[in-house]
Visitor: 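Okay, here's the structure, questions in a sec.
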Amino acid sequence: MILSALKGTGSLRRRMLAIAVPIAISGLVTQAQMLIDTAFLGHYETHTADGTVLGGAEFLSAIGNVFFPYIVTLAFIWSITTGTIVLVSQRLGAGKPEDARRYAESSMKYNGLLSVIMYLVWFFAGPFVFQLMGVREPTLGLSVEYLRWMSLELLYLGVGVTSGAVFQGIGITRPEMYTGILRSALNIVLDWVLIYGRFGFPEMGAAGAGLATSLSGLIATAVMLAIVFRSKKTPFRLSLGGILKARFKPYREVVEVGLPTGIEDSLWNFGNLVLATFLNSLDAAAVGIYRLVVQIELTPVFFYFGIARAVTTIVGYRTGERRIDEAKRIGLVASFDTFVFCLLFSASFILFPRQILGIFTSNTGVVAAAAPYLTVAAFTMLPKAINIISGNGIRGYGDTLWMLVTQVFGIAFLVSVSWFLIFRLGLGMIGLFIALFLDETIRGIINTVRFYRGEYSVFHKAPADAPQAA
């Protein structure tokens with residue numbers, strides 16, 4: 001039945017891949033950069049003033065404790081731009097490029113201000129957050145040091161991610177690929193130079209990894225902005241004057257659509273923060289192991305995340321045109337392709353867990369401890385893939401409120417079931433990975449049913465005067 005429904009979708013798949021492949025490449029090189037970043041610190045070793053040796057386990061734990069709370073901020077800013085993607089794509093589908101331009105300029109201005117505010121919050125509150133998480137020395141000091149330098153990226157993050165969102169809403173994604181490759185290549189080189197102190201630079205360790213992230217991102221953002229202002233392939237032109245004069249009203253609509261996604265992603269990451277707190281009570285190294293496994297398990301997501309974002313853009317266009325049946329077809333094509341792709345990754349994680357983990361740390365104890373968890377995580381990838389594709393289709397309809405509701409359920413379910421399995425049943429970290437599998441499976445089923453019903457929310461409907469499809 002599914003195979004018959006996929007017949008005649010070749011042109012639709014080509015359209016999807018034209019948008020998805022550059023995003024996927026950008027995500028892939030970003031993930032490669034993050035994994036290499038992890039590998040550098042996983043193999044790094046230094047001595048404190050009192051002679052204490054700090055090695056890979058301590059540094060992995062430090063970046064793990066930074067990753068989970070800090071990603072809440074990043075995900076919130078990234079997710080707000082979902083409103084930009086949806087509104088730009090829907091307005092272009094409705095034949096209103098000037099409206100799309102106003103949403104783009106307003107988003108650029110106010111997302112930039114939002115990310116600067118987030119930087120100030122982290123600058124003053126970062127150490128306190130880690131203390132609430134139960135992080136102890138020497139991990140606490142390493143975590144604060146890493147965060148201080150990495151959080152500098154928040155000073156420019158808002159305008160950078162909004163530029164990418166504007167291009168995604170239009171359906172042009174190669175600029176994101178080019179700047180993603182540039183950023184990741186620079187980050188890898190700067191990691192090696194600043195962590196280990198090459199070419200006369202001081203050996204900075206964790207601080208060097210954070211600084212490398214901020215510097216490479218700054219250069220890539222400058223290139224992206226140059227492309228945005230100079231591009232002649234877009235249906236509208238952005239200008240610095242238009243951004244500076246942009247009113248708040250269009251941004252309020254962007255937030256109306258994007259805020260549920262921002263809260264949704266923040267809740268998911270807040271749930272991970274709670275889970276990290278659970279793990280800190282088990283073992284000082286547990287968070288580092290969990291973060292390592294999650295980072296590896298996320299690798300295939302970066303492959304098919306481009307497909308998911310393409311689904312958002314194309315569904316947004318089709319919703320603007322009032323062609324909901326065509327929107328459902330792109331979801332079916334994307335789900336089938338992604339499911340087959342994830343089967344290959346699941347098999348590799350099940351068959352070669354130790355070999356994969358050995359790439360990122362030379363600590364045989366960490367590899368032995370993490371291998372069973374990577375095997376369990378392999379089974380979570382399939383329902384997670386379907387959940388992500390269906391969820392991005394629902395966002396393309398403009399129904400971001402539904403996704404928030406299901407995420408609230410998911411976080412409550414995940415935290416409560418994890419706590420029960422970890423502490424009450426005494427399963428430890430394996431209980432956490434079982435809870436993750438159950439959460440993704442249940443929400444995947446719910447969101448897939450919702451998407452194929454083809455409803456989009458009264459919270460934000462497509463333009464009523466959209467042109468009729470030929």
Side-chain angles (χ1 to χ4, degrees), residues 19-44 59-60 63-64 66-67 70-71 73-75 77-78 81 115 146-147 149-165 167-168 172-196 198-199 201 204-228 291-292 294-310 341 345 356 359-361:
I19 297 173
V21 169
I23 298 176
I25 293 174
S26 175
L28 178 61
V29 295
T30 298
Q31 176 69 348
Q33 166 239 301
M34 293 173 68
L35 291 174
I36 292 172
D37 194 43
T38 300
F40 276 141
L41 289 175
H43 290 277
Y44 181 70
F59 283 101
L60 287 176
I63 62 178
V66 172
F67 177 80
Y70 184 67
I71 200 68
T73 300
L74 298 187
I77 297 172
W78 289 333
T81 62
S115 68
Y146 181 57
L147 173 71
W149 291 99
M150 186 173 65
S151 62
L152 290 171
E153 68 175 337
L154 291 172
L155 295 174
Y156 58 79
L157 183 72
V159 294
V161 297
T162 303
S163 300
F167 275 125
Q168 284 187 41
I172 300 174
T173 52
R174 287 193 177 186
E176 183 175 345
M177 177 182 70
Y178 298 143
T179 55
I181 293 172
L182 173 64
R183 181 186 64 247
S184 297
L186 286 172
N187 199 107
I188 292 169
V189 173
L190 290 173
D191 267 340
W192 181 70
V193 171
L194 297 176
I195 291 174
Y196 295 103
R198 309 298 186 189
F199 302 116
F201 285 88
M204 298 178 66
L211 179 58
T213 298
S214 295
L215 287 176
S216 58
L218 176 62
I219 295 171
T221 297
V223 173
M224 174 65 90
L225 289 175
I227 296 173
V228 166
R291 194 260 183 183
L292 177 62
V294 169
Q295 195 69 59
I296 294 172
E297 188 238 344
L298 281 175
T299 300
V301 176
F302 284 90
F303 276 98
Y304 65 74
F305 187 67
I307 293 178
R309 298 299 273 190
F341 172 80
F345 268 91
I356 294 171
I359 297 171
F360 305 103
T361 177

Visitor: Between Leu218 and Tyr156, which heavy-atom pair has the shortest distance, and what is it?
Guide: N-OH, 3.0 Å

Visitor: Drop me the distance from Ile219's CD1 to Met224's CE, to the nearest 0.5 angstrom.
Guide: 15.0 Å

Visitor: Is a side-chain donor or acceptor of Ser216 paired with a backbone partner of Thr213 at a separation under 3.5 angstrom?
Guide: yes

Visitor: Please name all residues satisfying ring pair (Phe, Tyr, Trp, His ring centres under 6.0 Å) with Tyr178, sequence neighbours left out, ordered by chain then number.
Guide: none

Visitor: With a 4.5 Å cut-off on side-chain heavy atoms, are Gln168 and Thr173 touching?
Guide: yes

Visitor: Given side chains that start at C-beta, do those of Phe341 and Ile307 come closer than 4.5 Å, heavy atoms only?
Guide: no

Visitor: Quick one: closest heavy-atom pair of Ser115 and Gly158, and the distance?
Guide: OG-N, 3.2 Å

Visitor: Considering only heavy atoms from C-beta outward, does the side chain of Leu190 approach that of Leu211 to under 4.5 Å?
Guide: no

Visitor: I need the Arg198 CZ to Asp191 CG distance, nearest 0.5 Å.
Guide: 12.5 Å

Visitor: Which pair of heavy atoms, one from Thr81 and one from Ala165, lies closest together, and at what distance?
Guide: CB-CB, 3.6 Å

Visitor: So do Leu215 and Leu186 actually touch side chain to side chain, heavy atoms under 4.5 Å?
Guide: no

Visitor: Could you tell me which non-hydrogen atom of Thr179 sits nearest to which non-hydrogen atom of Val223, and how far apart they are?
Guide: CG2-CG1, 3.9 Å

Visitor: Could you state the interatomic distance from CD (Glu176) to CD1 (Ile227), rounded to the nearest 0.5 Å?
Guide: 11.0 Å

Visitor: With a 6.0 Å cut-off on the ring centroids, do Phe201 and Trp192 count as close?
Guide: no

Visitor: Does some side-chain heavy atom of Phe345 sit less than 4.5 Å from a side-chain heavy atom of Glu297?
Guide: no

Visitor: If every non-hydrogen atom of Ser214 is compared with every non-hydrogen atom of Trp149, which pair is closest and at what distance?
Guide: OG-O, 2.6 Å

Visitor: Apply the test side chain to side chain contact (heavy atoms under 4.5 Å, CB included) to residues Leu225 and Thr221: give CA-CA distance (whole Å), side-chain angles for both, the deciding distance (0.1 Å), then the verdict.
Guide: CA-CA 6 Å; Leu225 289 175; Thr221 297; 4.2 Å; yes

Visitor: Can you name the nearest heavy-atom pair linking Leu182 to Ala220, along with the distance?
Guide: CD2-CA, 4.3 Å

Visitor: What is the distance from atom OH of Tyr146 to atom OG of Ser151, rounded to the nearest 0.5 Å?
Guide: 11.0 Å

